[in-house]
Amino acid sequence: MAKPPILTPQAEDFPRWYQDVVAKAELADNGPARGTMIIRPYGYSLWERMQAEVDARIKLAGAENAYFPLFIPQSYLAREADHVEGFSPELAVVTHAGGKELEEPLVVRPTSETVIGEYMGKWVQSYRDLPLLLNQWANVVRWELRPRLFLRTTEFLWQEGHTAHATAEEGAAYTERILRDVYTDFMVEVLAIPVLGGRKTAAERFPGARNTLTVEAMTGDGKALQMGTSHDLGQNFATAFDITYLDDQGASQLCWTTSWGVTTRMVGGLVMVHGDDAGLVVPPRLASIQVVVLVVRDEGGAGDAADHLVAELQGAGVRVRLDGAVATSFGRRATDWELKGVPVRVEVGPRDLAEGNVTLVRRDTGEKVQATVGEVAARIPVLLEEVQASMLAAATASRDARTAQVTSIEDAVEAARTGFAKVPWEVVKGDGEQRLAQESVTVRCLQRPDGSLPHSEDEPDLVAYVARSY
RNA sequence: CGGGGAGUGGCGCAGUGGUAGCGCACCUGCUUUGGGAGCAGGAGGUCGGGGGUUCAAAUCCCCCCUCCCCGACCA
């Protein structure tokens, strides 16, 4: 008799499937206040791995971690006109504290350009203090109209980098460096997500920025998901917060600043890009549990053999978990690990063991192979890298197959029903963006014909990627 | 804020005036275990809140609140 599916099938209702995965893989729960999220241990372990990988790349790019306050005086936000206009509708404001009304309300940071700008202004005196490269890991709050676990929550976790530079060129170059060496490298190499890097149109730009760069992923249902952004803030915040320095001629100069961030949204992106009808699929380089050694039945020495394998794999540097909970049926446990997306499962049971074997199962393809007990520790690291590579290849092929090259707004709208449309920017430029918007389609980013980053949206022959988005 | 829908054990639902039920999950025991185990026995709910009608309200009436989905906003 056919059992009902564990999850709503993707093809039936993708958003529902997503919610099912988040719940059944024990990633997160809704918090008690609207739009808030409780990240459960397994979900948090994925976020911790993301933090570790991103943080290492940020440090390689020369930035140092610091921490700035959650509360920002409301007047700070108002100092940059576009910034305050962009963020005012979604601010949470503290008006009362300590049992009385505050003289000046405090906003719960939606992002920290203002408070960090204020202190950059104090710290930067000389050209010798530049560049000033800061990052912080923090929570921020944005009162969003429509929350979705991980993708858009009222409070979310992120890193926000903030830098100050002596010249416009240096600042712009740094935003590109972060996009390439930190975000793209992490997402492609670790998350196995083939992101498109590009420039946002003026309409999609960060409030207060003169340029916003983005990395965009394609989800399993063909929509776009903005996975990270890197902003060239020009001198807007330097002007508002008086971030100036004396150059080597003794003349006072305004700094050029940047900001850039990635968030817990990446966890949602991971689910939506790689997940299938059996649940999450986590790429090995990210996985907090890369291998689960599962005791089928504790007979014929299976329990002891599993213990030894776990120790051996740990010794080989593999993040491994033992599942010896034989009171629960094999099928249930196999299903649960598949829901959580653990890349490789090692099944240790008396039947195989009698011949000196165990079974290795790949989560991404479901492929099962036999291995001798003695060769497991040597084969697993190789297998993990194979899984990693094939996940990236599969996601890339899937994205490319759903990206259509078109030359009209109408065809772009049609293509965006199932994926991305690549359309000449001159076709969209002007009122095209509005016409697309009427169909809930947006320009995700602009690229040069060779895929590199444009320095202006007025460059000739630019390509616009358009899609529906989350 | 506009348009839809829903509030009943942890989750999913049934129940249109007469003692609050079902499936899954949970607890105990036994038998099981190579793809979501079976049987037996248990625990768990002031039916979103307030008011009203009635001998009697999850059910009818009034008011309020909340949540979900689609859109506008957005990492």
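These numbers come from the heavy atoms of this one structure, side chains and all, not from hydrogens, waters or symmetry mates. We name chains A, B, ... by the order of the sequence lines, and we start the count at 1 in each one.
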Open item on the list: Go through it in stages, so that I can follow the logic: the residues are A:Asn357 and A:Arg351, the test is side chain to side chain donor-acceptor pair (under 3.5 Å), and I'd like the CA-CA distance, side-chain angles, deciding distance and then a yes or no.
Closed with: CA-CA 9 Å; A:Asn357 290 332; A:Arg351 202 176 65 201; over 6 Å; no
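- Comparing A:Pro89 and A:Pro15 along RNA chain B, the residue whose closest nucleotide (by nearest heavy atom) sits nearer the 5' end is A:Pro15.
- Counting any heavy atom pair closer than 4.0 Å across all strands shown, A:Gly261 reaches no nucleic acid atom.
- Aromatic ring centres of A:His162 and A:Phe68 lie farther apart than the 6.0 Å criterion allows.
- When heavy atoms are screened at a 4.0 angstrom cut-off, A:Asn30 is found touching no nucleic acid atom at all.
- Rounded to the nearest Å, the gap between the C1' atom of B:G44 and that of B:G23 is 15 Å.
- If you check B:A75 for Watson-Crick or wobble pairing at under 3.5 angstrom, you find it has no partner at all.
- The CZ atom of A:Phe206 sits 10 Å away from the C1' atom of B:A75 (whole-angstrom rounding).
- The listed nucleotides are B:G34, B:C73, B:A75; the one nearest the side chain of A:Thr229 is B:A75.
- Listed by residue number, there are no residues of residues 68-80 of chain A with a heavy-atom contact under 4.0 Å to RNA chain B.
- Annotation: B:C26 and B:C67 have their P atoms spaced 30 Å apart (nearest Å).
- Atom CG of A:Asp298 is separated from atom C1' of B:U33 by 12 Å (rounded to the nearest Å).
- Residues A:Ala61 and A:Leu133 approach most closely at O-CD1, 4.0 Å, considering heavy atoms.
- Taking only distance into account, the side chain of A:Arg142 never meets the base of B:C74 through a donor-acceptor pair shorter than 3.5 Å.
- The partner of B:U32 cannot be assigned: no Watson-Crick or G-U wobble pair with both contacts below 3.5 Å exists in any strand.
- Pair assignment for B:C60: B:G52, on the basis of Watson-Crick or G-U wobble contacts that are both within less than 3.5 Å.
- A:Arg79 has a carboxylate O that lies under 4.0 Å from a charged side-chain N of A:Glu118, or vice versa, which qualifies the two as a salt bridge.
- The side chain of A:Ala334 approaches B:G35 more closely than any other nucleotide in the set B:G35, B:C74, B:A75.
- Comparing A:Trp158 and A:Lys368 by the nucleotide of RNA chain B whose heavy atom lies nearest to each, the residue mapping closer to the 5' end is A:Lys368.
- Distance, A:Arg205 CZ to B:C73 C1': 19 Å, rounded to whole Å.
- For the C1' atom pair drawn from B:G45 and B:C13, the interatomic distance equals 14 Å after rounding to whole Å.
- Picking from B:C73, B:U33, B:G35 the nucleotide with the shortest atom distance to the side chain of A:Arg152 gives B:C73.
- The nearest whole Å value for the distance from the OH atom in A:Tyr470 to the P atom in B:A72 is 14 Å.
- Here A:Ser440 reaches the OP1 or OP2 of B:A72: one of its side-chain N or O atoms lies under 4.0 Å away.
- For the P atom pair drawn from B:G51 and B:G18, the interatomic distance equals 23 Å after rounding to whole Å.
- On a pure distance criterion of 3.5 Å, no polar donor-acceptor pair joins the side chain of A:Asp336 and the base of B:G36.
- Among the protein residues, A:Gln226 comes within range of the sugar-phosphate backbone only, with heavy atoms under 4.0 Å from sugar or phosphate atoms but none that close to a base.
- Taking the charged nitrogens against the carboxylate oxygens, A:Asp336 and A:Lys340 have no contact shorter than 4.0 Å, which rules out a salt bridge.
- Base engagement by A:Thr153 is indicated by at least one non-hydrogen atom pair under 4.0 Å involving a base atom.
- In terms of modelled atom types and a separation under 3.5 Å, the side chain of A:Asp304 and the main chain of A:Asp307 share no donor-acceptor contact.
- Aromatic ring centres of A:Tyr470 and A:Phe150 lie farther apart than the 6.0 Å criterion allows.
- The side chain of A:Glu338 lies closest to B:G35 when the candidates are B:G34, B:A72, B:G35.
- One interatomic measurement links the two molecules: CG of A:Asp323 to P of B:G34, which rounds to 14 Å at whole-angstrom precision.
- The shortest distance between side-chain heavy atoms of A:Tyr465 and A:Leu446 does not fall below 4.5 Å.
- If you take CH2 of A:Trp337 and P of B:U33, they are 22 Å apart, rounded to a whole angstrom.
- Across all strands, A:Leu225 comes closer than 4.0 Å to no nucleic acid atom at all (heavy-atom distances).
- Below the 3.5 angstrom threshold, one finds no donor paired with an acceptor across the side chain of A:Lys24 and the base of B:G36.
- Donor-acceptor pairing under 3.5 Å is lacking for the side chains of A:Asp232 and A:Thr175.
- In the set B:A75, B:G35, B:C73, the nucleotide with an atom closest to the side chain of A:Thr335 is B:G35.
- A:His83 places a side-chain heavy atom less than 4.5 Å from the side chain of A:Leu77.
- We find that CG of A:Asp20 is positioned 18 Å from P of B:C24, with the value rounded to whole Å.
- The shortest distance between the side-chain N/O atoms of A:Gln19 and the OP1/OP2 oxygens of B:C68 is not below 4.0 Å.
- Residue side chain A:Arg345 reaches the base of B:G35 through a donor-acceptor N/O pair under 3.5 Å, judged by distance alone.
- The residue A:Thr328 sits close to a base: some heavy atom pair falls under 4.0 Å.
- B:C74 atom P lies 12 Å from atom NE2 of A:His231, rounded to whole Å.
- Taking only side-chain atoms of A:Arg265, from C-beta outward, the nucleotide of B:G34, B:G36, B:A75 with the closest atom is B:A75.
- Spacing of C1' atoms, B:G49 relative to B:U66, comes out at 10 Å, to the nearest Å.
- No side-chain heavy atom of A:Arg49 sits under 4.5 Å from any side-chain heavy atom of A:Val54.
- Taking atom P in both B:G50 and B:C55, one finds a spacing of 23 Å when rounded to whole Å.
- Per the stacking criterion (ring centres < 5.5 Å, plane angle < 30°), A:Phe330 does not stack onto the base of B:G34.
- Residue A:Val326 has its side chain nearest to B:U33 when only B:U33, B:A75, B:G34 are considered.
- With a 3.5 Å ceiling on both atom-pair distances, the Watson-Crick or G-U wobble partner of B:G10 is B:C24.
- Closest contact between the side chain of A:Val296 and the listed nucleotides B:A75, B:G71, B:G34 involves B:G34.
- The same atom, C1', is picked in B:A58 and in B:G36; the two are 34 Å apart, to the nearest Å.
- B:G2 is paired with B:C70 under the criterion used here, namely a Watson-Crick or G-U wobble arrangement in which both key atom distances are under 3.5 Å.
- Counting any heavy atom pair closer than 4.0 Å across all strands shown, A:Thr359 reaches a base atom.
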